[in-house]
Colleague: 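There's a structure below that I have some questions on.
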Amino acid sequence: MKPSRLLYEREPELAAAAQAVDALCGAQAAGGLLIFSGEAGIGKTALLTEIQAMAADRCTVWSARGGETVTSVPFHVVRQLLQPALEQLPTDDVRALFGAWYEIAAPALGLVEPTGPQPDPQGVRDGLDWVVSRLASRLSHRPLLLVIDDAHWADGESLAWLASFTARLGELPVLVVQAHRPEELAAREAARTAAGGHPAQVRVALRALTPDATAELVRVGLGEHADDPFCREVWAVTGGNPYEAVELVAKVQDRELAPLEESAGLLRELGASARGSGLVARLERLGTNANRFAWAAAVLGTDISQDLAATLAGMSPAEAADCTARLREARIVTGFDPLEFVHPLIATAVYRSIPPATRTAMHGRAAWAITRAGLGPAAASRHLLEVHPDDDQELVEQLRAAANQHLAVGAPEAARRCLERALQEPPLPDTRATLLYELGCATLLSSPPTTVQHLRAALDLPGLADGLRVDATFRLAAALSHNNQLKDAALALAAEAERTAPGPGLMRLQAAHFLWEGMQATEEDGPGRSRRLAANADHLTGRDNAERALLTLRAFDAMLRGENSQLIVDLCERALVNGHPARGLGWTDTEWGFELPALLGITYAFTDQLDRAEELFGEAVRAFEISGWSGAHLAFAHTLLGLVNRRRGRLAEAEGFLREGLRLADRVGSGLPVHWDAACLLIDTLLARGRVTEARKVADQYDFGLPYPSAMVLPDAPCVRGRLLLAEGRMKEAVTELEAAGLALEPRGRFNGIWGPWAGDLARALADEDPGRAAQIANSARVHAERFGTETAIGEALRCVSLFARPEEAAHLLGEAVRHLEASPSGYELARALVDHGIATRSPRELARAHKLATACGAESLATRAQQARASIRSTE
């Protein structure tokens, strides 16, 4: 298809588009991202229109456009893209298309009212990915082209979705073509991640027209007799901007000027009438009614309903129709119902020409009209945000209601804007604290520091009900912990507990205080805290959730301390109801948080109860997926499944879960607690597989090392780093790291050698240099392991002690280690013991068994060691 004659000097851009469309429609159906950037009026919209025409016979084309006045409307651009396609399907087909994502993503598209728990924004984005992917697959050999114009004015939620969706375009028969003004997009915070670094991405910057192209444009509009000086002046006046050149040519036609040199002096005045104050003056000449109607249209922004604009302008339908006709004739608006401004430059000029007080009043009237039409507070909120503060309590309540609606569809940033504006009204004193609490809750996922600020302010004010005070403090502690401020979290909980009367609220605060005190990487009196926790929890039966929370924390603490494993398992069982978390203590219940079931599962994992742990962590994945919590929560659930598989010795499976956990976490941000946990476990797993170089790569990629976070890492981070240094042959550094780990853990009474295996690794590191001290460390670790009593802990301790025994005794100890580990679920640890025992007893049969098990575990280096040892023994027989 040949390009339109109105497109000049766009051959490279059209060639790039044609190549992308050909790749999309080819045998491989390769998707991609094509981005055009340029200043206002440079021809981006005309180029996108040409591309749509180019692809119309080969692709299914969906399009959307951002708008300057609707950047605060969540999912505005996404709805434009998807709603037309979805509206063509029967309701049952739409529900089937969404599948499990219906309750999560359909509300964001305005297809259904939200009914479930507040969704995670990442979950909503994943649901939208799913829907677009399914729609693309239904198109019957017609790949999908998504066109987004004025992306610099796309709402933040749509920009965030585009950023995540375009990252996987290589997997889908979908081409995204986007146009934006670079300066305005760069100025928006959300743009930092938009479409960044996609491998199939092509960026093209549009340039102004040359004098020759401008002359051609002029002669197409005015005739071949337009002389060179006249054409040159058109180019000088417009700077080669295609929109301004076309408008100027139209003005010349309106004035019936001869396109000759003697008329060139009038062009600057005519050019000014196409933009800014000149455009405003031209609009005013159309009459008061037309001017007022244009103002109303500019306030409404996009998808301009003629009836709504008439209401806003205070005129009858007949008057509105007359104004529409005049504005269309003047090339200010196009369309009928809905109306649209001919160009965003016109919309901007008209909007900014409205006197500020009038503009504010019109936004208020627009909000009233939208509310009256039954479209709801969320739809009216973009206008309410523009109204000047005036001590209007009804407006405060409207904004709070709008914030709730935004949160319910996964748009916490939109909710934040509404609540911050409500604070400016201002609210009544007895409402202010509650509003700050709501604002803190709205920003918890997106900005823990902001949450801390708002919740502290809420707690400092009178008027917050007792139940909300407890919840605000609980959430404050969670935000502080996410912000790497665990000590502050514990202090805030202790302070609020002192002023809280006995009852469930106090127990909730006490449980949270024990949690964040114990989760600190360092604390002043760990044994004292453990004693207080035992005194509070050991006698409890688990009759309510407060008791179950304390029992969970007690079990986890006892596991870290290496207390009797049977006692620990009993505490875990009392914390559950029929083997499952109680209602209100589940993975997605917000009153207590996901940390408690996670701690239960982790405790089971380190007490050899891997079936119980895997069941809990499988429930976590299902619960998070059902609720759309596919950000850090789902990343943590995959990390926990990685832990279970690592403990079972399924190293390849563990690596898969852990890499998926990191991938999911990377989508959310960097430096999150889950990054530390997943990286730590992945490094440990790779070391078990013998992949030291890969382990180092992960450590470097995620800055795994000093300084460690203020929260403990799963498992103990310094121990794993010491193990990495040992594997790299950096013996001196390893000894220093492992000694530091022991000095941090022992004073706190944390003697679980499976969680923190510093003693066994340090003993091995010191075996040649200081065998006496090494043996002492190994024997001490054995005592703690026997006290703990799990088969894994005892087997590992015996294997370490054997290093310092005489050959005959070492063989016996290793035989005992094998016996214990055979009774454990720890396949990799058993394989290591079998290798050591086979070497000590020179048993090819034992080594063959070790080789088979190590291979099944995915421990390549260990399998090679077993095979080599077996070959060596056979060669000497």
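Along the sequence shown, residues carry numbers from 1.
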Colleague: Under the salt bridge (charged side-chain N to carboxylate O under 4.0 Å, His left out) rule, what pairs show up with a residue in residues 587-599, not counting sequence neighbours?
Modeller: none

Colleague: Mind checking what makes ring-ring contact (aromatic ring centres under 6.0 Å, His included) contact with Phe594, not counting sequence neighbours?
Modeller: His633, Phe636

Colleague: Answer yes if the side chains of Asp126 and Gln122 hold a donor-acceptor pair under 3.5 Å, and no otherwise.
Modeller: yes

Colleague: Ion pair present between Glu425 and Arg421, side-chain N to carboxylate O less than 4.0 angstrom?
Modeller: yes

Colleague: So how far is it from Glu397 CD to Thr431 OG1, rounded to the nearest 0.5 Å?
Modeller: 6.0 Å

Colleague: So does Asp570 pair up with Arg574, basic N to acidic O under 4.0 Å?
Modeller: yes

Colleague: Do Arg532 and Phe514 meet the cation-pi criteria used here (NZ or CZ under 6.0 Å from the six-membered ring centre, within 45° of the axis)?
Modeller: no

Colleague: By the salt bridge (charged side-chain N to carboxylate O under 4.0 Å, His left out) test, which pairs, at least two apart or in different chains, include something from residues 430-444?
Modeller: Arg400-Glu438

Colleague: Using the six-membered ring wherever Trp is involved, compare the ring planes of Phe704 and Trp676 and label them parallel, tilted or perpendicular (cut-offs 30° and 60°).
Modeller: tilted

Colleague: With side chains defined as the heavy atoms from C-beta onward, is the minimum distance between Glu615 and Asp611 less than 4.5 Å?
Modeller: no

Colleague: In terms of side-chain geometry, is the basic nitrogen of Asp471 or Arg475 positioned less than 4.0 Å from the acidic oxygen of its partner?
Modeller: yes

Colleague: Knowing that exactly one of Leu634, Thr588, Asp120 qualifies, which makes a side-chain contact (heavy atoms from CB on, under 4.5 Å) with Ser627?
Modeller: Thr588

Colleague: What do the steps show when you test Gln485 against Ser710 for side chain to side chain donor-acceptor pair (under 3.5 Å), and what is the final call?
Modeller: CA-CA 7 Å; Gln485 295 175 268; Ser710 65; over 6 Å; no

Colleague: Could you tell me whether Asp557 and Arg529 have a side-chain N and a carboxylate O separated by less than 4.0 Å?
Modeller: yes

Colleague: Determine the interplanar angle of the Trp587 and Phe617 rings, folded into 0 to 90°, and report it as parallel if under 30°, tilted if 30 to 60°, perpendicular if over 60°.
Modeller: perpendicular

Colleague: Is it true that Glu660 and Arg663 have a side-chain N and a carboxylate O under 4.0 angstrom from each other?
Modeller: yes

Colleague: Less than 4.0 Å between a side-chain N and a carboxylate O, is that true for Arg416 and Glu420?
Modeller: yes

Colleague: Any sub-3.5 Å donor-acceptor pair from Asp390's side-chain atoms to Asp392's backbone N or O?
Modeller: no

